[in-house]
Amino acid sequence: MSSDAAKMILAPCLLGGITWRFLNYKTIRGDFCLLVVASSVIVVFAALSSCGGGYETAFSDTASILFRYLFSAATFTIVYRLSPRHPLSQFPGPFLNRISSLRMVATIYYGKRYSDIERLHEAYGPFVRIGPNSLSVNLHDAVNKVYAAANSLDKGPAYRAGHLPGNGIFFMQNRKDHDQRRRIWAPAFTTSTLPIYEVYALERCVELIACVSRRAKARGVCNLSEVIAHWTYDLMGDVVFGRSSDLNLMKNGDPRRLISSGQLATACFDILGEAPWLFDICWHLPIVDAIRALQTAAQEMMSKWLVSSTRGESDILSHLASASAPLSRDDLALESLFAIQAGSDTSSSIISLLMFYLIRHQGVYRRLQSELDTCFTKENVNARDSVLRELPYLNAVIEEGLRLGAPLPGLRRVVPAHGITLSGTFIPGGTTVSVPAWAQNVSEENFFPDPKEFKPERWLEGGLGPDSRCRRSAVMSFSFGTFSCLGKALAYQQLRLIVAHLVVHYDMKFASGFNEGLFIGGVSNMLTTILGRPLLVSVSSRQIM
Ligand code: HEM
């Protein structure tokens with residue numbers, strides 16, 4: 001072999017090793033990396049073609065150099081990730097998950113991460129290496145250190161709004177910035193704002209009842225999950241933009257496809273958050289158009305709000321805009337976009353799944369109706385939340401719905417440089433760690449017996465019997481601590497109001513031909529819960545006495 005040929009083989013391999021070493025210590029943007037590699041390929045190709053061997057030879061030589069370079073970088077990376085030198089080598093996990101984050105990207109894409117991770121824990125135990133640098137820890141006593149404690153872990157690079165202009169509370173990884181922004185958000189969720197949002201909700205409930213009847217009459221059956229999604233979007237439009245909101249999906253449908261764009265944007269955020277370098281690259285492709293479309297819609301609604309005469313009454317945006325350190329227009333647009341999405345998407349899927357379980361368990365449905373009949377009357381067909389809040393069975397139903405209706409993954413957090421100890425096990429600094437929410441919600445250790453069954457009675461005094469367990473602190477649907485859901489009280493209010501109104505005003509059963517197994521099997525989650533099939537029901541109005 002000539003020395004030139006040896007250089008052609010060795011140089012790219014060496015460069016591959018250097019790349020691995022460099023990227024192992026320094027995170028750089030995926031699109032920059034791609035740009036550097038692409039530019040280098042062009043330079044190498046130009047240099048080889050100028051040597052006089054012709055374009056074809058130059059092309060094949062460049063391709064083989066590129067192949068050797070990528071092969072060598074990949075080999076170094078994989079060998080290191082499998083070697084005992086890797087900080088997470090002691091933790092078990094599937095082979096593909098240990099060598100590449102792309103395995104988890106694929107798992108998320110197929111939508112069953114919540115149950116896949118639960119199965120991985122059954123196979124490997126409480127600590128599972130679900131990515132090269134990611135651990136899932138299925139232990140209730142890890143929740144406090146990871147999420148709830150004052151010095152809990154920070155969010156990592158998975159929380160990025162791509163390269164959208166502005167910044168928002170949900171995407172802030174720096175604790176100081178986040179705390180500051182949370183203080184700006186907090187006044188939007190106080191005991192004095194909730195009654196104002198309730199007025200919006202009650203008005204929308206009146207519309208909801210009319211909408212269910214109208215659509216059921218027009219089509220013979222009612223697509224309840226669609227009506228619920230429209231209700232939550234309309235309501236969050238009111239809550240975020242006040243009377244200037246032009247969201248009227250219950251009346252007009254969703255011609256701008258806001259709901260599907262919102263779900264697609266959340267799914268992109270979740271899938272690509274697992275591999276931030278890939279997010280950087282995909283940001284330049286049409287794949288993230290849904291995020292941009294949503295941003296445009298939020299900008300438009302905000303412009304309307306800015307010139308509205310009702311601005312400053314009571315809506316989330318007014319609270320954010322009146323901060324003593326004013327937020328930029330881009331920040332306001334991103335915050336309002338997030339608020340609509342956070343407040344409608346999660347609630348909508350939880351309510352739909354809760355209604356599915358209620359309709360499936362007609363005994364529970366009837367018992368709830370009798371409880372609600374005590375506070376809805378002919379004169380008062382719109383019961384207030386202050387009354388509903390006191391109803392034990394309604395609250396048990398809502399808790400059970402939040403437990404089974406939120407097939408959420410573990411929210412990702414990053415271990416600080418000095419590492420932490422969880423249940424006696426040391427986790428090295430820089431690891432992404434999560435406690436799987438769904439696995440906790442359906443674990444026998446937390447909920448016994450029948451943790452996967454819909455049994456609201458487990459939340460009542462006496463539970464499901466003397467040996468039963470119902471660990472309230474294990475339900476992770478709103479998360480805990482510094483980054484937990486700010487809209488929790490508002491979400492409870494919305495859940496109580498809509499479920500109570502639907503159940504008291506209608507008897508419901510599944511439409512003929514509706515397949516319960518296919519419906520529940522079609523549920524997937526990519527941070528947003530996607531119901532693969534509509535919840536089709538037949539409804540009959542009830543007389544309120
Ligand atoms: C049943 C409905 C809801 C559920 C299950 C839910 C769940 C969650 C969860 C799990 C988080 C933490 C996410 C993370 O750390 O990655 C979160 C954050 C958040 N949620 Fe909710 N949410 C709901 C409704 C709402 C509503 C109605 C609002 C009102 C706008 C809202 C506003 C927020 C905000 C502002 C944050 C970010 C908090 C922060 O980073 O400090 N959510 N939510």
Side-chain angles (χ1 to χ4, degrees), residues 114 143 146-148 152-156 158-161 167-175 177-190 193-194 197-198 200-201 228-229 231-233 235-241 266 269-270 273 315-317 319-320 334-354 398-399 401-414 432-438 440-441 475-499 525-529:
Y114 60 100
V143 171
V146 176
Y147 302 105
S152 61
L153 307 187
D154 283 346
K155 289 178 171 179
Y159 284 84
R160 286 190 317 170
N167 206 350
I169 186 167
F170 183 71
F171 307 103
M172 290 177 159
Q173 295 154 33
N174 178 302
R175 181 70 68 113
D177 294 345
H178 176 269
D179 286 353
Q180 222 170 11
R181 187 60 63 89
R182 201 164 159 105
R183 276 196 291 278
I184 293 176
W185 266 82
F189 301 104
T190 61
T193 56
L194 284 178
Y197 303 147
E198 187 190 359
Y200 296 136
I228 290 169
W231 182 85
T232 53
Y233 267 79
L235 177 55
M236 281 315 294
D238 301 341
V239 170
V240 177
F241 295 105
T266 312
F269 167 81
D270 193 26
D315 48 68
I316 291 183
L317 207 48
H319 289 283
L320 299 181
L334 192 58
E335 293 292 23
S336 50
L337 162 70
F338 170 72
I340 296 243
Q341 185 61 18
S344 49
D345 185 66
T346 334
S347 306
S348 150
S349 55
I350 288 179
I351 298 163
S352 290
L353 284 167
L354 175 49
I398 301 279
E399 294 300 345
L402 281 163
R403 188 178 74 83
L404 289 184
L408 291 171
L411 302 170
R412 305 161 183 128
R413 299 291 183 261
V414 182
T432 298
V433 71
S434 53
V435 180
W438 171 254
Q440 282 290 304
N441 283 8
V475 177
M476 296 186 59
S477 308
F478 291 101
S479 192
F480 305 96
T482 320
F483 302 110
S484 66
C485 180
L486 261 168
K488 183 174 171 182
L490 174 63
Y492 267 102
Q493 183 190 72
Q494 294 180 353
L495 259 68
R496 282 188 292 263
L497 284 169
I498 187 173
V499 170
N525 182 282
M526 305 174 200
L527 217 54
T528 170
T529 301

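Just so you know, residue 1 is the first one in the sequence shown, and it goes up from there. Whatever order the structure lists them in is the order used to number ligands and atoms, beginning at 1.
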message = I need the full list of salt bridge (Lys or Arg N to Asp or Glu O under 4.0 Å) pairs touching residues 487-497, with sequence neighbours left out, sorted by first then second residue.
response = Asp385-Arg496

key: Note, Ile184 side chain near Leu320 side chain (heavy atom, < 4.5 Å)   = yes

key: Close side-chain approach of Ser434 and Tyr147, heavy atoms under 4.5 Å   = yes

query = CD1/Ile228 to CD1/Ile350 distance, rounded to the nearest 0.5 angstrom?
reply = 12.0 Å

key: Arg412 and its side-chain contact (heavy atoms from CB on, under 4.5 Å) partner, picked from Val433, Val146, Asp270   = Asp270

task = Go through the steps for Tyr159 and Phe170 under the test ring pair (Phe, Tyr, Trp, His ring centres under 6.0 Å), then give the verdict.
result = CA-CA 7 Å; Tyr159 284 84; Phe170 183 71; 5.2 Å; yes

Can you produce the list of protein nitrogen or oxygen atoms under 3.5 Å from a nitrogen or oxygen of ligand 1, alongside each distance?
residue, atom, partner, partner atom, Å
ligand 1, 15 (O), Arg413, NH2, 2.9
ligand 1, 16 (O), Tyr159, OH, 2.5
ligand 1, 40 (O), His178, NE2, 3.1
ligand 1, 41 (O), His178, NE2, 2.8
ligand 1, 41 (O), Arg182, NH1, 2.6

